[in-house]
Amino acid sequence: MTAPLVVANWKMNGSEALLRDVAKALVGRRGESDVVLAVPAIHLSLARALLQEGVRWASQDVHWLESGAYTGELSAEMIAQMGASHSIVGHSERRAQFAESDETVAKKANACFRAGIIPIVCVGESLEVRQAQQTEEVVCRQLEVVLAEIPTGSEGLIVAYEPIWAIGTGKEATPEMAQEVHVALKEMALKAGIHLDKVLYGGSVKEDNVAGLMLMPDIDGVLVGGASLSAQGFSELCTNAAAAQN
Ligand code: PEP
């Protein structure tokens with residue numbers, strides 16, 4: 001069994017001091033979980049200097065073009081130059097607050113492959129969609145648009161299933177609910193000719209609920225927001241994720 005992938009999404013939070021604390025807390029825990037820190041772009045160069053083998057760093061977004069007159073933006077190539085291995089794309093906050101469409105998210109995922117970094121594509125449903133029992137339809141559609149855009153034979157695509165109602169609310173999906181959606185996503189991707197090696201769950205994951213999630217056969221890791229902002233807590237979360245799989 002491969003080690004679970006634990007991705008921290010700091011959003012617009014954190015500091016150099018936190019990055020130093022997290023780097024220190026993770027020393028000696030490598031190998032337990034595969035860890036990626038999606039820090040604010042301003043901290044990527046410190047991440048590169050501090051993080052040790054087994055802990056990688058990522059951006060939280062990329063622009064879909066390589067360069068140009070796009071003030072304030074960063075291209076996937078620039079992120080790759082910072083030594084980042086991954087980028088989150090299509091987080092629900094960006095979809096909602098920056099009006100990112102499925103098509104924009106697909107172009108961003110494509111840009112990551114062009115630049116040689118792995119996109120972590122977020123999909124997820126609102127509470128209304130879940131209550132209307134349309135979750136699988138909605139998340140599969142979000143992913144389908146991405147699969148149609150990325151080059152055939154692209155390897156390593158990571159999908160994060162993040163129900164919007166679970167993000168930052170303390171109301172996580174049950175392991176069974178997440179498992180069901182992960183299976184639907186993997187089956188849909190397979191029909192499109194893509195084997196999804198890693199589907200992560202995100203939404204109110206903490207040290208004390210990660211183990212239950214990781215027991216599910218199709219939950220391959222987690223995307224963690226709020227709980228990644230404590231060095232000690234995040235380090236424990238990484239340990240608990242791995243312990244559940246052993
Ligand atoms: C997220 O924003 O990706 C997330 C999962 O946040 P939280 O863990 O705080 O719910």
Rounded distance (nearest 0.5 Å) linking atom CE of Met82 with atom CD1 of Ile117: 12.0 Å

Among Ile42, Leu46, Asp21, Val39, the one residue meeting side-chain contact (heavy atoms from CB on, under 4.5 Å) with Glu16: Leu46

Donor-acceptor contact present, side-chain Tyr70 to main-chain Gly72, <3.5 Å: no

Nearest non-hydrogen partners of Ile167 and Ser92, listed with the distance: CD1-OG, 3.3 Å

Short side-chain to backbone donor-acceptor contact, Arg48 and His43, under 3.5 Å: no

Cluster overlap Val121 with Val181, hydrophobic side-chain contacts below 4.5 Å: yes

Beyond-backbone contact of Leu157 with Pro119, side-chain heavy atoms, under 4.5 angstrom: yes

Minimum-distance pair of heavy atoms, taken over all atoms of Ser228 and Ala8: CB-CB, 3.4 Å

Under 3.5 Å donor-acceptor, Thr169 side chain and Lys171 backbone: yes

Spatial distance of atom CG (Leu127) from atom CD1 (Ile164) [nearest 0.5 Å]: 10.0 Å

Donor-acceptor under 3.5 Å (Asp61 side chain, His91 main chain): no

Gln232 side-chain N/O to Ala25 backbone N/O, donor-acceptor pair under 3.5 Å: no

Val89 side chain reached by Ile120 side chain, heavy atoms, under 4.5 Å: no

Value rounded to 0.5 Å, distance of OG in Ser204 from CG in Leu213: 10.5 Å

Pair Phe234-Val35, side chain to side chain contact (heavy atoms under 4.5 Å, CB included): steps then yes or no: CA-CA 10 Å; Phe234 182 64; Val35 180; 3.8 Å; yes

Minimum-distance pair of heavy atoms, taken over all atoms of Leu143 and Val123: N-CG1, 4.2 Å

Full working for side chain to side chain contact (heavy atoms under 4.5 Å, CB included) between Asn209 and Glu172: CA-CA 9 Å; Asn209 63 14; Glu172 78 274 14; 3.4 Å; yes

Cluster link Val7 to Ile219, ILVMFWY, side chain under 4.5 Å: no

Within-4.5 Å side-chain heavy-atom neighbours: Tyr201 and Asp220: no

Arg141/Asp102 salt bridge by N-O under 4.0 Å criterion: no

Heavy-atom side-chain proximity of Asn9 to Gln60 below 4.5 angstrom: yes

Atom pair CD1/CD1 of Ile118 and Ile158 - distance to nearest 0.5 Å: 6.0 Å

Main-chain N/O of Leu50 paired with Arg20 side-chain donor or acceptor, under 3.5 Å: no

Close side-chain approach of Asp218 to Val199, heavy-atom, < 4.5 Å: no

Worked check of side chain to side chain contact (heavy atoms under 4.5 Å, CB included) between Val6 and Leu237: CA-CA 9 Å; Val6 180; Leu237 190 156; 3.9 Å; yes

Joint hydrophobic cluster, Val139 plus Val205, side-chain heavy atoms closer than 4.5 Å: yes

Pair Ile88-Cys122, side chain to side chain contact (heavy atoms under 4.5 Å, CB included): steps then yes or no: CA-CA 7 Å; Ile88 296 172; Cys122 300; 3.8 Å; yes

Heavy-atom pair of closest approach, residues Ala184 and Cys140: O-SG, 3.8 Å

Heavy-atom donor-acceptor pair, Arg130 side chain to Thr135 backbone, under 3.5 Å: no

Closest contact, heavy atoms only, Ser87 versus Cys112: CB-SG, 4.0 Å

Donor-acceptor pair, side chain of Glu66 and main chain of Glu77, under 3.5 angstrom: no

Val105-Val138 co-clustered via ILVMFWY side chain contacts under 4.5 Å: no

Inter-residue atom distance His86.NE2 - Leu5.CG, 0.5 Å rounding: 6.0 Å

Test item: Leu147 and Glu144 side chains (from C-beta on) under 4.5 Å apart, heavy atoms: no

SB check Asp34 Lys198 (cutoff 4.0 Å): no

Close side-chain approach of Glu187 and Val183, heavy atoms under 4.5 Å: yes

Heavy-atom neighbours of Glu155 CD exceed 12 at 6.0 Å: no

Residue that, paired with Lys108, satisfies side-chain hydrogen bond (donor to acceptor under 3.5 Å, both in side chains) out of Glu103, Glu149, Glu100: Glu100

Gln97, CD atom: more than 12 neighbouring heavy atoms under 6.0 Å: yes

Interatomic distance, Trp57 atom CH2 to Leu37 atom CG [nearest 0.5 angstrom]: 9.5 Å

Tyr161 vs Glu125, side-chain hydrogen bond (donor to acceptor under 3.5 Å, both in side chains): CA-CA, chis, key distance, verdict: CA-CA 9 Å; Tyr161 167 54; Glu125 83 287 9; 2.9 Å; yes

Pairing of Glu93 and Lys11 as salt bridge, 4.0 angstrom limit: yes

Side-chain heavy atoms of Arg56 within contact of Val36, under 4.5 Å: yes

Exercise: identify the closest heavy-atom pair between Ile194 and Ile150: CD1-CD1, 3.8 Å

hydrophobic_cluster_shared for Met78 and Phe113, side chain cutoff 4.5 Å: yes

Whether Trp165 side chain and Glu128 backbone form a donor-acceptor pair below 3.5 Å: no

